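The structure appears below as structure tokens.
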There are 2 protein chains.
Amino acid sequence: MQAYHQLEAEFKSRNIRFTKPRRAIFKCLQTATYPLSIRDIYTSLPNIDRTSIYRTLELYLSLGVVQIIPIGWKQKYELAEPYAPHHHHFICLKCGSHTDINPPGLEDLLRHYERTAGVIITAHTFELSGVCAACQQGIQ
Amino acid sequence: MQAYHQLEAEFKSRNIRFTKPRRAIFKCLQTATYPLSIRDIYTSLPNIDRTSIYRTLELYLSLGVVQIIPIGWKQKYELAEPYAPHHHHFICLKCGSHTDINPPGLEDLLRHYERTAGVIITAHTFELSGVCAACQQGIQ
DNA sequence: GCAGCTACTGCAACTTTGTTGCAATAGTGT
DNA sequence: ACACTATTGCAACAAAGTTGCAGTAGCTGC
């Protein structure tokens with residue numbers, strides 16, 4: 001809810017209309033417990049035209065409201081900072097479960113690379129996949 | 001060349017045919033200095049049918065010969081270990097240059113997460129983008 | 001609450017990307 | 001050189017993504 005009003009204010013200050021489709025797509029992303037594909041979004045919002053979903057996601061990307069997460073062979077969308085806490089993902093290839101993670105040391109690693117290479121890092125992807133603890137112990 | 005013969009041997013031992021299209025696609029990926037999109041591949045190999053490129057890349061993915069790299073909004077393909085040394089990328093958003101990187105500490109970070117979370121990591125993506133040193137100093 | 005302005009949506013038509021089945025072809029072993 | 005069959009290229013298709021435009025809905029001022 002917090003984030004929703006934050007975005008509403010952001011839109012108002014920029015004279016961008018926070019329309020019904022845009023609200024719906026934001027809420028859809030906010031409710032999801034894992035990153036969504038475009039298909040996920042427009043099957044869960046059947047009364048919003050595909051075109052509007054593409055255009056809204058493009059807008060949200062340019063505003064930094066959402067980010068693209070590469071999962072398996074697919075691109076998925078998820079709220080970005082500051083609309084959702086910064087995190088990464090571990091995906092279990094057996095059971096398909098998603099775990100939000102935030103490994104300590106990752107930030108340091110980025111800052112260290114910036115210093116040594118003399119670059120500025122404005123974005124990063126970091127995603128893990130493998131076998132979760134439960135699947136290692138379980139029957140299968 | 002090394003890697004090419006390595007793959008040739010791998011194919012022979014598995015009774016998979018190392019055909020002309022498959023050779024061409026491998027060489028194409030090997031020659032490239034940055035990850036290629038499917039479009040990159042079939043524009044540079046116009047006498048190979050799109051279908052064969054999709055099927056070959058699918059095969060190569062399943063054999064671990066190539067891996068998918070998420071760059072910007074696109075998926076790109078690149079040779080994987082052991083056909084190319086393991087590395088990640090820094091992409092400059094101003095000049096578009098690609099730099100292969102291998103930040104020290106990344107492996108430790110993965111191993112540490114495996115221990116603390118009790119999981120097994122079989123794959124990871126780690127890509128950086130921002131502004132390179134040259135672009136920070138240059139006129140623009 | 002109404003009118004007017006225009007950003008935004010939904011539609012339709014289209015382009016590009018990815019998939020499937022099948023007949024023809026080209027690797028491989030003998 | 002022959003035969004076996006994995007693999008290719010073709011054609012037809014399905015899905016994903018794009019574009020232009022007329023109509024709509026969200027703001028603003030009254």
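Heavy atoms only: backbone and side chains are in, while hydrogens, waters and symmetry mates are out. All chains are named by letter (A, B, ...) in the order of the sequence lines, taking the proteins before the strands, and each is independently numbered beginning at 1. Because the structure is predicted, anything quoted here is derived from the model rather than measured.
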Spacing of [X] atom [atom1] relative to [N] atom [atom2], expressed in whole Å:
| X | N | atom1 | atom2 | answer |
| --- | --- | --- | --- | --- |
| A:Asn15 | C:dC5 | CG | P | 18 Å |
| B:Ile48 | D:dC10 | CD1 | P | 12 Å |
| A:Ile25 | C:dG10 | CD1 | P | 9 Å |
| B:Gln75 | C:dT16 | CD | P | 20 Å |
| A:Arg50 | D:dT18 | CZ | C1' | 10 Å |
| B:Asn47 | D:dG9 | CG | P | 8 Å |
| B:Tyr77 | C:dT17 | OH | P | 13 Å |
| A:Asp49 | D:dA22 | CG | P | 17 Å |

Looking only at the side chain of [X] (C-beta and beyond, no hydrogens), which of the listed nucleotides [options] gets closest?
| X | options | result |
| --- | --- | --- |
| B:Tyr54 | D:dC27, C:dG27, C:dG18 | C:dG18 |
| B:Pro21 | D:dG9, C:dG10, C:dA7 | D:dG9 |
| A:Thr56 | C:dT9, D:dT5, D:dT18 | C:dT9 |
| B:Ile38 | C:dG18, D:dT28, C:dC8 | C:dG18 |

Open item on the list: Under the rule for ring pair (Phe, Tyr, Trp, His ring centres under 6.0 Å), what residues qualify as partners of B:His124, not counting sequence neighbours?
Closed with: B:His86, B:His88

Students often get this wrong, so: under 4.0 angstrom with heavy atoms, is [X] touching a base, only sugar-phosphate, or nothing?
| X | answer |
| --- | --- |
| A:Thr51 | base |
| B:Arg22 | sugar-phosphate |
| A:Arg39 | sugar-phosphate |
| B:Tyr42 | sugar-phosphate |

- [ ] May I ask you to check whether over 12 heavy atoms, not counting those of B:Phe11, lie within 6.0 Å of atom CZ?
- [x] yes

Open item on the list: Just so I know, are the side chains of A:Glu127 and A:Pro70 near enough to count as touching, which here means a heavy-atom distance under 4.5 Å?
Closed with: yes

Task: Same apolar cluster (I L V M F W Y, side chains within < 4.5 Å links), A:Ile41/A:Leu79 - done: yes

Open item on the list: Regarding D:dG17, can its base be found pairing with the side chain of A:Arg55 as donor and acceptor, where the two atoms are less than 3.5 Å apart?
Closed with: no

- [ ] Between A:Phe18 and B:Thr19, just flag the one whose closest nucleotide in DNA chain C comes earlier from the 5' side.
- [x] A:Phe18

Task: Contact nearer the 5' end of DNA chain D, comparing B:Lys74 with B:Leu59 - done: B:Leu59

Open item on the list: Looking at A:Phe18, I'd like to know if the NZ or CZ of A:Lys12 sits under 6.0 Å from its six-membered ring centre while staying within 45 degrees of the ring's axis.
Closed with: no

